[in-house]
There are 2 protein chains.
Amino acid sequence: METRQRMLAAALRLFAERGFYGASMDQIARELDLTKQALIHHFGTKEKLYGAVLVAISERLMTEAIQPTEVESASAFADAVSRIYLRTLQHREDTLLLMRELLDNRRRAAQAGTWYLKPFLDGLADLLRRDPNWQEEDEGSIFTHVYQVLGAINYFAVSTATLENMYSVEHVEAMQECFPERLRKLAMAGVDT
Amino acid sequence: METRQRMLAAALRLFAERGFYGASMDQIARELDLTKQALIHHFGTKEKLYGAVLVAISERLMTEAIQPTEVESASAFADAVSRIYLRTLQHREDTLLLMRELLDNRRRAAQAGTWYLKPFLDGLADLLRRDPNWQEEDEGSIFTHVYQVLGAINYFAVSTATLENMYSVEHVEAMQECFPERLRKLAMAGVDT
DNA sequence: ATAGCGGCCTACCAATTGGTAAGGAGCCAA
DNA sequence: TTGGCTCCTTACCAATTGGTAGGCCGCTAT
């Protein structure tokens, strides 16, 4: 059991860092001081290992990201967004892998079982729907707003390493400091401005 | 000459769709009814081919995305963002590849020549800096805002295929219809709210 | 003692990878 | 005609890929 968790952790790291094709079973196994056959023994195939990693991520996301008993307030959505932002930074590897999955998905898109994000998105949309400022808005508008805010978070979370090299560590730290406040303004961005 | 362009186009398509490791020289060549040695003849190695694709993208981005003679107006930034959004949708493959590059970059991050986005980012930041509403904001705040808005655009552009499968084509069309208007509100999201 | 079993190994395999070497077809200039 | 050049080919290669087959070791139940 212990081993299985270690395997999932190592696989997450390498898949997140190098992508599905970029990471080989052998590399993952070596990271654990095992042979790739140990991995195959536990998960069958590379695809299934990858799937198990995705399942683990989505479980974490569901149990941690959205509290179902969200307090109903005018800023409920903005509050949830703040929490999601913090969580995204903490689980950067999850974020990286989900981003990669988003890119790769379009090929095997027809396959089922890949909508790990759907309940999450729906939950956020629900939160926004209950906001008095948003009750007159149509569905498309609500989902669009949710997605734009999520995009702002995830894109940044995935970019910090590049930004640090493009500018400097201090520059990125300055951005990180401003981020929550500006994110809040995005989340609140007016319905009737 | 003609062939070189066709090669770059095919490489872009496959790299964007499957990533650097996911696309093989052979696949790219077959797409052109050539052998992979033709590709190697023109570009030397796979890495160099990939590099040439990135260079082509960044050139397109620089010449098209930001007009240097942007009219100075209160909504100059929001206008630029609107144009960038349209361009992003039109060149979705470019967007996909740049997103992948963003993810992969963190490994070979120290390498030079990969800051294709920097002049683009700086240009946008400049635009925002000249906005009267933003003149008192510090650098971190400005860059953060620019990046959040860019994130909203790119994340969505890269997600539409997945979203179509997750919900429906109509759902995504509804989002696409709302997008520009909501994006504008994001871009304008208040400085002193 | 021993049979079974989960956990992991070595040995091996076909397929695919990026890349080298060498040569041929077509064209143009001398 | 000859030589050279560009563009592309076939033939080949070592390395790596994911995966199969089968066996060894240590634990537990009988």
Side-chain angles (χ1 to χ4, degrees), chain A residues 1-57 93 96-97 100-101 103-105 107-108 111 113-114, chain B residues 1-57 93 96-97 100-101 103-105 107-108 111 113-114:
Chain A
M1 293 303 148
E2 170 64 25
T3 312
R4 228 188 123 90
Q5 296 311 313
R6 283 179 56 231
M7 285 175 169
L8 284 174
L12 167 59
R13 269 211 35 224
L14 282 174
F15 280 142
E17 199 177 300
R18 305 156 122 93
F20 181 79
Y21 294 108
S24 75
M25 296 292 268
D26 211 58
Q27 286 168 357
I28 300 173
R30 245 178 297 160
E31 187 112 338
L32 300 159
D33 277 314
L34 292 175
T35 60
K36 62 177 175 177
Q37 280 69 18
L39 284 171
I40 291 181
H41 173 75
H42 278 279
F43 296 96
T45 70
K46 188 185 185 185
E47 294 273 1
K48 286 179 186 168
L49 170 58
Y50 182 74
V53 170
L54 276 185
V55 167
I57 291 180
E93 281 171 354
L96 277 166
L97 197 71
R100 293 205 121 103
E101 178 57 15
L103 295 171
D104 293 336
N105 224 348
R107 265 203 298 161
R108 35 184 154 119
Q111 289 184 7
T114 45
Chain B
M1 292 302 146
E2 171 62 27
T3 313
R4 225 187 126 91
Q5 297 310 315
R6 283 179 56 231
M7 284 176 169
L8 284 174
L12 167 59
R13 268 212 34 226
L14 282 174
F15 281 141
E17 199 177 300
R18 306 163 124 98
F20 180 79
Y21 293 108
S24 75
M25 296 291 269
D26 211 58
Q27 287 168 355
I28 299 173
R30 243 177 298 160
E31 187 111 339
L32 301 158
D33 276 314
L34 292 175
T35 61
K36 62 177 175 176
Q37 280 70 14
L39 284 172
I40 291 181
H41 172 74
H42 279 278
F43 296 95
T45 69
K46 188 186 185 185
E47 294 272 1
K48 286 180 185 168
L49 170 58
Y50 182 74
V53 170
L54 276 185
V55 167
I57 290 180
E93 282 171 354
L96 276 167
L97 197 69
R100 295 204 119 105
E101 178 57 14
L103 294 171
D104 292 336
N105 224 347
R107 265 203 298 161
R108 37 183 153 120
Q111 289 183 7
T114 45

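All values below were derived from every heavy atom in this structure, side-chain atoms included, with hydrogens, water molecules and symmetry-related copies excluded.
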**Complete:** Rounded to the nearest 0.5 angstrom, the CG-CD distance for A/L103 and B/E17 is 11.5 Å
**Request:** State which residues pass side chain to side chain contact (heavy atoms under 4.5 Å, CB included) with A/Q27; sequence neighbours excluded, sorted by chain then number.
**Result:** A/L14, A/R18, A/A23, A/S24, A/R30
Would you tabulate the pairs of protein nitrogen or oxygen atoms and nucleotide nitrogen or oxygen atoms of nucleotides 22-26 of chain D closer than 3.5 angstrom?
none

**Message:** In this structure, how many angstroms lie between the C1' atom of D/dG18 and the CZ atom of A/F15, rounded?
**Reply:** 12 Å
**Message:** Rounded to whole Å, please give me the gap between NE2 in A/H41 and P in C/dC8.
**Reply:** 7 Å
**Prompt:** So, is A/T3 close to the C/dC8 phosphate, meaning a side-chain N or O under 4.0 Å from OP1 or OP2?
**Reply:** yes
**Item:** Rounded distance in Å - NZ (B/K48) to C1' (C/dG19)
**Value:** 12 Å
**Request:** Can you tell me the distance, in whole Å, between the CZ atom of B/F43 and the C1' atom of C/dG18?
**Result:** 16 Å
**Asked** When we call it a touch if two heavy atoms are under 4.0 Å apart, what does A/A38 touch: a base, just sugar-phosphate, or nothing?
**Response** sugar-phosphate
**Message:** How many whole angstroms separate atom CZ of A/F20 from atom P of D/dT17?
**Reply:** 13 Å
**Item:** Which residues share a side-chain hydrogen bond (donor to acceptor under 3.5 Å, both in side chains) with B/Q37, sequence neighbours left out
**Value:** none
**Message:** Could you measure the distance from the CG atom of B/L34 to the CG atom of B/D26? Nearest 0.5 Å is fine.
**Reply:** 11.5 Å
**Asked** Roughly how far, to the nearest 0.5 Å, is the CZ atom of A/R13 from the CG atom of A/L96?
**Response** 11.5 Å
**Request:** Under 4.0 Å from any atom of DNA chain D, heavy atoms only: list the residues of residues 25-33 of chain A that qualify, in numerical order.
**Result:** A/M25
**Heavy-atom donor-acceptor pair, B/K48 side chain to B/H42 backbone, under 3.5 Å** = no
**Request:** Considering non-hydrogen atoms only, spot the tightest contact between B/E101 and B/Y50 and give its length.
**Result:** OE1-OH, 2.7 Å
**Protein-nucleotide distance (B/I40, atom CD1; D/dA11, atom P), rounded to Å** = 17 Å
**Residues forming a side chain to side chain contact (heavy atoms under 4.5 Å, CB included) with B/L8, sequence neighbours excluded** = B/Q5, B/F43, B/L49, B/A52, B/V53
**Request:** Round to the nearest Å and state the distance from B/E2 atom CD to D/dC7 atom P.
**Result:** 13 Å
**Request:** Scan nucleotides 11-16 of chain C nucleotide by nucleotide, 5' to 3', and note B when protein non-hydrogen atoms come under 4.0 Å of the base, S if they reach only the sugar-phosphate, - if neither.
**Result:** B-----
**Request:** Could you tell me whether B/E2 and B/R6 make a salt bridge, using a distance below 4.0 angstrom between a side-chain N and a carboxylate O?
**Result:** no
**Request:** With rounding to the nearest 0.5 Å, note down the distance linking CE in B/M7 to CG in B/L39.
**Result:** 4.5 Å
**Prompt:** Any idea how B/F20 and B/F15 line up, ring-wise: parallel (<30°), tilted (30 to 60°), or perpendicular (>60°)?
**Reply:** parallel
**Prompt:** Is the shortest side-chain N/O distance from B/T35 to OP1 or OP2 of D/dT10 below 4.0 Å?
**Reply:** no
**Request:** Nearest whole angstrom, please: distance from the P of D/dC7 to the NE2 of B/H42.
**Result:** 6 Å
